[in-house]
There are 2 protein chains.
Amino acid sequence: MTANLAIDLDRSSPVPLYFQVAEQIAEAIRRGDLAPGSRLDNEILLADKLGLSRPTIRQAIQYLVDKGLLVRKRGVGTQVVHGQVKRSVELTSLYDDLRRAGQEPATQVLTLEPRPVDEHIAPILGLEPGAEILYVERLRFAAGEPLAVLHNWLPLGLAPLGAAALEDRGLYELLRGAGVRMRVANQRIGARAASQAEARLLHERRGAPLLTMVRTTYDDQGRAVEHGSHIYRASHYSLEVTLIER
Amino acid sequence: MTANLAIDLDRSSPVPLYFQVAEQIAEAIRRGDLAPGSRLDNEILLADKLGLSRPTIRQAIQYLVDKGLLVRKRGVGTQVVHGQVKRSVELTSLYDDLRRAGQEPATQVLTLEPRPVDEHIAPILGLEPGAEILYVERLRFAAGEPLAVLHNWLPLGLAPLGAAALEDRGLYELLRGAGVRMRVANQRIGARAASQAEARLLHERRGAPLLTMVRTTYDDQGRAVEHGSHIYRASHYSLEVTLIER
DNA sequence: GAGGTCAGAATGTCCTGACAATCTGACGGC
DNA sequence: GCCGTCAGATTGTCAGGACATTCTGACCTC
């Protein structure tokens, strides 16, 4: 059933075996070697072929099921999902997304300063009211056109964030580079009409539809590391999300 | 460290042990017995206390990590996430969401008929061009106010869908009841201004901002089972999503 | 021919055991 | 006092095995 799907394993590599397997299956799906709807070998056979144990194979498959590339059914087998998953459920910033799409993003920092935390932001970030936080306001461009206005609040001392760095890279990239490991994010997505000031920044007319997103991100210690409130030009941007039921 | 967190296990129940553990930890978090930021006992100790093996405990914890309730860190331990997760990454319909929020949803079926599939919908659902599919158009109300216009395309013969049933329940609920097991969904979320006709249906003014969502849902065999294109009144509704990085 | 029954196949759950990688905090040397 | 080292704690990875549950399709009975 399966094409003979060659998978190389490097046992001396620090990359976990289950991950090596998962990556190479995912690659085969992307390449088209594993057609949508086609069945994978069963877990025991796969384990046998690769000289791995069944739990390891299961972990690899589970990883891809969680990413929405594969689907399993007890008593039947594991199949490749029809219709490709556009993008996985990843914690990426707009900047990363745009660059990956070849859009050549640019950023203009409008504000970057410590300020006392707002009373409605403080509980979200788990801070004392009146504490100082870093406030960032940026205008994001893609292909020369203004695309979004980004407002962020971050705990001080999390990462050294300078205006130059922020104009050169995405916020998430800078945080990751500073050792912050983001794990969970809550997002609320809505829409509203542009105000006069927003319209001017974004080269839209007043009342033009804007996509709004409010997001709070937590790290692997469960601490809030970032709160953002963003507006996007609906005419130029939309969000993509993949949901997976377990 | 942990409150003494009593967990009852029923080994004769068909509910998997790892799931029983996960549910009761989640319940303790919701109740507040496990405060945000507090640490769980380590896996080996927990396994010992409950008379289970470590892999089973790990599976329970992994389940909650995937839902965004817990966060782990190697060498440190497992902690409850600060700031509650509003809603988990579930495959729910608008109807389910509204009812859970106590909004008392109602539905008016505008169209319900088989029709030849559009040429741009056919490849999405994996159908031959020209094949017949079921087209559904509904107006959804919450608390007496119009909230959204829902357009759906479904393969014929998937489930017996009558107008009466659709006015009484959500589409997802009906599909689940017919044995369809949905697993993966791709959503694209955007915004645009309301047309004259849309405004009339939704009691808005022309040009009012609308939230748009296009979604394709796949079942556990990887087959597309539903494609929908929906518009929501941005003034009355927003979407909530939780992202988890593994 | 319709329907029920049963065997095979596949994933789901659970166990035991072992070692690796990583983080924290304490200790000790400079 | 500062910095590096080291040990303990904890999660991450991997192996191998056993049995349960569920689905499909073939076979048999009526």
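All values below were derived from every heavy atom in this structure, side-chain atoms included, with hydrogens, water molecules and symmetry-related copies excluded. Below, read A as the first sequence line, B as the second, and so on, with proteins coming before strands; counting in each chain starts at 1.
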inquiry  = I'd like to know if B:E173 pairs up with B:R176 as an ion pair, taking the criterion as any Lys NZ or Arg NE/NH1/NH2 lying under 4.0 Å from an Asp or Glu carboxylate oxygen.
reply    = no
Whole-Å distance separating the CG atom of B:L46 from the P atom of C:dC15 = 14 Å
request  = Would you please name every residue forming a side-chain contact (heavy atoms from CB on, under 4.5 Å) with A:D10, sequence neighbours left out?
outcome  = A:S12, A:S13, A:Q20
request  = Let me know the distance between CD of A:Q79 and C1' of C:dT11, rounded to the nearest Å.
outcome  = 13 Å
ask   = Which whole-number value in Å describes the distance from B:R39 CZ to C:dT24 P?
value = 11 Å
With sequence neighbours excluded, residues passing side-chain contact (heavy atoms from CB on, under 4.5 Å) with A:V71 = A:V81, B:V184, B:D220
task = For B:L50 and C:dC14, give me the distance from atom CG to atom P, rounded to whole Å.
result = 13 Å
request  = Encode nucleotides 11-18 of chain D as B, S and - characters from 5' to 3', where the letter depends on protein heavy atoms closer than 4.0 Å: B to the base, S only to sugar-phosphate, - to neither.
outcome  = BBBSBB-B
task = Using only heavy-atom distances, determine whether the side chains of B:D8 and B:Q24 contain a donor-acceptor pair under 3.5 Å.
result = no
ask   = For A:Q62 and A:Y18, does a side-chain donor sit closer than 3.5 Å to a side-chain acceptor?
value = no
inquiry  = In terms of relative ring orientation, are B:W153 and B:H227 parallel, tilted or perpendicular, with 30° and 60° separating the classes?
reply    = tilted
